[in-house]
Amino acid sequence: MELNQIIRSIQSKQSEISSVYFVGCGGSKADLYPGFYFLRKNAKKLIAGHFTANEFNYDTPAAVGEHSIVITCSLGGTTPETVKATGLAKSLGAHTIAVTHDPQSPLTKDADYVVTHGFHESYSAKVSKPTKVLTLAVEILNAFEGYNAYDHFIEGVGKIYDVIDEATELLLPQAKQFGEAYKDAPVIYVMGSGATAEVAYSFSICLLLEMQWINSSSFNSGEFFHGPFEIVEKDKPFLLLMSEGSTRPMDSRALEFLNRFDAKTTVIDAKDFALLNYIAEDVVDYFNPILIEGVLRIFAEQLAIARNHPLSKRRYMWKLSY
């Protein structure tokens with residue numbers, strides 16, 4: 001079933017939807033964020049919530065019910081907390097949509113609808129998940145409130161994967177340089193803003209802490225001057241994700257400060273990939289995280305190569321009960 005058909009099917013059963021919840025863990029939670037961000041910014045009536053799965057399970061929003069859509073997300077579809085959250089949402093009468101790479105996984109058991117996505121085929125396939133979740137959010141708003149920039153958004157979805165694949169072909173030298181420059185860093189701070197904020201979060205907790213065992217912290221560029229900037233000094237390692245659109249001034253202000261004190265800064269800038277040449281200005285905010293997450297993967301791979309530490313290496317995950 002196409003994504004717009006899923007939402008139309010829900011609408012045929014429930015003419016009024018008052019809340020939408022995005023629920024997942026780790027990288028999947030971060031991949032849900034652009035969809036949540038879109039609804040938070042554009043919806044006039046719909047309530048949007050974004051939860052790590054066990055918080056949803058233990059501290060469930062009172063509004064979850066027959067007038068709710070709950071979108072749960074897990075790459076392999078086996079994350080126990082997210083599987084439980086899907087069942088909980090279903091038991092409360094919500095319309096449940098499971099987003100996963102494996103259509104036969106446990107996540108789908110209590111889902112009314114299942115959305116499958118790619119991952120291994122290409123760099124752009126790795127962001128199929130957040131792109132489809134974002135598209136679900138756009139379809140929800142368009143169906144229940146209307147969205148004037150709907151056509152521009154759909155046009156953007158048709159272009160963004162090619163933009164990512166073309167960009168990654170050109171990035172290998174820069175990614176190798178990043179790997180060599182940061183391979184011995186004791187800590188790496190990651191910063192982004194707007195819809196891209198949780199791309200910084202996921203790169204920090206998943207690619208650096210989980211997959212590389214490098215100490216890391218992430219924060220919104222808008223929060224940089226409200227605490228984190230005090231640790232800036234010469235050669236302190238930072239990775240700054242710069243967006244096109246509404247929140248770019250926050251990223252630019254942070255970069256100016258990092259450069260002022262000679263921090264060791266790598267910038268991944270959507271503007272360098274001419275994002276506005278492909279995506280309409282009124283929807284570009286929502287494509288920043290898709291593009292940036294897509295190209296970031298090659299930086300993680302080259303860091304892993306430089307450190308002789310494969311991205312699949314774990315200390316506890318898949319090895320212990322916890």
Side-chain angles (χ1 to χ4, degrees), residues 30-43 48 50 124 127 130-131 134 137-138 147-149 152-153 155-157 159-164 166-168 170-171 174-175 178 188-204 217-229 232 236-299:
D31 283 341
L32 291 162
Y33 188 75
F36 162 72
Y37 185 92
F38 170 82
L39 284 181
R40 188 184 70 182
K41 180 176 179 178
N42 291 284
H50 182 232
S124 63
V127 292
T131 306
L134 173 61
V138 171
Y147 181 46
N148 290 334
H152 285 170
F153 176 83
E155 289 171 7
V157 171
K159 296 176 181 178
I160 193 63
Y161 294 133
D162 287 341
V163 174
I164 292 168
E166 290 172 11
T168 52
L170 303 174
L171 278 175
Q174 185 181 349
F178 171 81
I188 301 175
Y189 299 102
V190 193
M191 192 171 11
S193 68
T196 309
E198 289 225 354
V199 177
Y201 168 78
S202 63
F203 193 84
S204 176
S217 180
S218 67
F219 31 85
N220 191 301
S221 302
E223 286 290 282
F224 180 57
F225 293 98
H226 305 281
F229 79 136
V232 174
K236 187 78 74 172
F238 279 85
L239 176 61
L240 174 61
L241 312 179
M242 292 191 70
S243 295
E244 277 278 33
S246 303
T247 64
R248 186 176 181 84
M250 299 195 301
D251 300 329
S252 298
R253 183 186 176 200
L255 179 59
E256 182 179 353
F257 191 87
L258 292 170
N259 289 339
R260 179 178 170 186
F261 291 96
D262 295 321
K264 185 177 188 176
T265 306
T266 292
V267 178
I268 308 297
D269 190 346
K271 194 169 188 176
D272 288 343
F273 307 103
L275 188 59
L276 279 170
N277 287 356
Y278 306 95
I279 308 297
E281 188 172 3
D282 54 358
V283 295
V284 73
D285 284 358
Y286 316 111
F287 286 91
N288 284 296
I290 309 301
L291 171 63
I292 291 174
E293 181 180 343
V295 301
L296 262 182
R297 187 75 181 194
I298 195 170
F299 285 79

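- Nearest heavy-atom pair, Val190 versus Ser204, reported as atom, atom and distance to 0.1 Å: CG2-CB, 4.2 Å.
- Across all non-hydrogen atoms, the minimal contact from Pro289 to Val199 is CB-CG2, 3.6 Å.
- Judged by distance alone, the side chain of Thr168 and the main-chain N or O of Ile164 form a donor-acceptor pair under 3.5 Å.
- Looking at Val232 and Tyr189, their side chains never come closer than 4.5 Å, going by heavy atoms from C-beta outward.
- Applying side chain to side chain contact (heavy atoms under 4.5 Å, CB included) to Ser221 and the options Leu240, Leu255, Thr247, Leu241 leaves one that passes, Leu240.
- Separating the OG atom in Ser252 from the CG atom in Asp269 is a distance of 8.0 Å, to the nearest 0.5 Å.
- Counted by atom type alone, Ser246 and Asp285 present one or more donor-acceptor pairs between their side chains at under 3.5 Å.
- The closest side-chain heavy-atom distance from Phe224 to Leu258 is below 4.5 Å.
- The shortest heavy-atom contact between Pro34 and Leu134 is O-CD1, 3.6 Å.
- Using a 30° and 60° split on the angle between ring planes, Phe257 and Phe229 fall in the tilted class, from 30° to 60°.
- Expressed to the nearest 0.5 Å, how far CG of Asp262 lies from NZ of Lys236 amounts to 14.0 Å.
- When side chains are defined from C-beta on, Phe225 counts as touching Arg253, because their heavy atoms get closer than 4.5 Å.
- For the atom pair Leu276 CG and Glu244 CD, the distance stands at 4.0 Å (nearest 0.5 Å).
- Phe299 and Phe178 have perpendicular rings, their planes meeting at more than 60° on a 0 to 90° scale where under 30° would count as parallel.
- Not a single salt bridge (Lys or Arg N to Asp or Glu O under 4.0 Å) links Lys271 to another residue, sequence neighbours left out.
- Residues forming a salt bridge (Lys or Arg N to Asp or Glu O under 4.0 Å) with Arg297 (at least two apart in sequence, or on another chain): none.
- Nearest approach of Ala48 to Phe36, heavy atoms of both residues: O-CE1, 3.3 Å.
- For the pair Asn220 (side chain) and Ala197 (backbone), a donor-acceptor distance under 3.5 Å is absent.
- Atom CZ of Arg40 sits in a crowded spot, with more than 12 heavy atoms from other residues, nucleotides or ligands closer than 6.0 Å.
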Taking it one step at a time, do Thr196 and Asn288 satisfy side chain to side chain donor-acceptor pair (under 3.5 Å)? CA-CA 6 Å; Thr196 309; Asn288 284 296; 5.0 Å; no

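- Annotation: side chain of Lys41 is in contact with side chain of Tyr286 (closest heavy-atom distance under 4.5 Å).
- The line from CD1 of Ile298 to CD of Gln174 is 10.0 Å long, rounded to the nearest 0.5 Å.
- Nearest approach of Ala263 to Phe238, heavy atoms of both residues: CB-CD1, 4.1 Å.
- Within the model, atoms OH of Tyr161 and CG of Leu291 stand 12.5 Å from one another, a figure rounded to the nearest 0.5 Å.
- Here the side chains of Pro130 and Ile290 are in contact, with some heavy-atom distance below 4.5 Å.
- One finds the CE atom of Met191 at 10.5 Å from the OG atom of Ser217 (value rounded to the nearest 0.5 Å).
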Residue pair Leu296, Leu239: steps toward the side chain to side chain contact (heavy atoms under 4.5 Å, CB included) verdict: CA-CA 10 Å; Leu296 262 182; Leu239 176 61; 4.0 Å; yes

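- Between Ser243 and Asp251, the closest heavy-atom pair is N-OD2, 3.0 Å.
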Would Phe273 and Leu171 count as a side chain to side chain contact (heavy atoms under 4.5 Å, CB included) here? Give the steps. CA-CA 11 Å; Phe273 307 103; Leu171 278 175; 3.9 Å; yes

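- Proximity of a side-chain donor or acceptor of Asp272 to a complementary backbone N or O of Ile268 within less than 3.5 Å is not detected.
- When ring centroids are compared, Tyr147 and Phe38 come within the 6.0 Å threshold.
- Applying the side-chain hydrogen bond (donor to acceptor under 3.5 Å, both in side chains) test to pairs two or more places apart or on separate chains, those with a residue in residues 275-284 are His152-Asp282.
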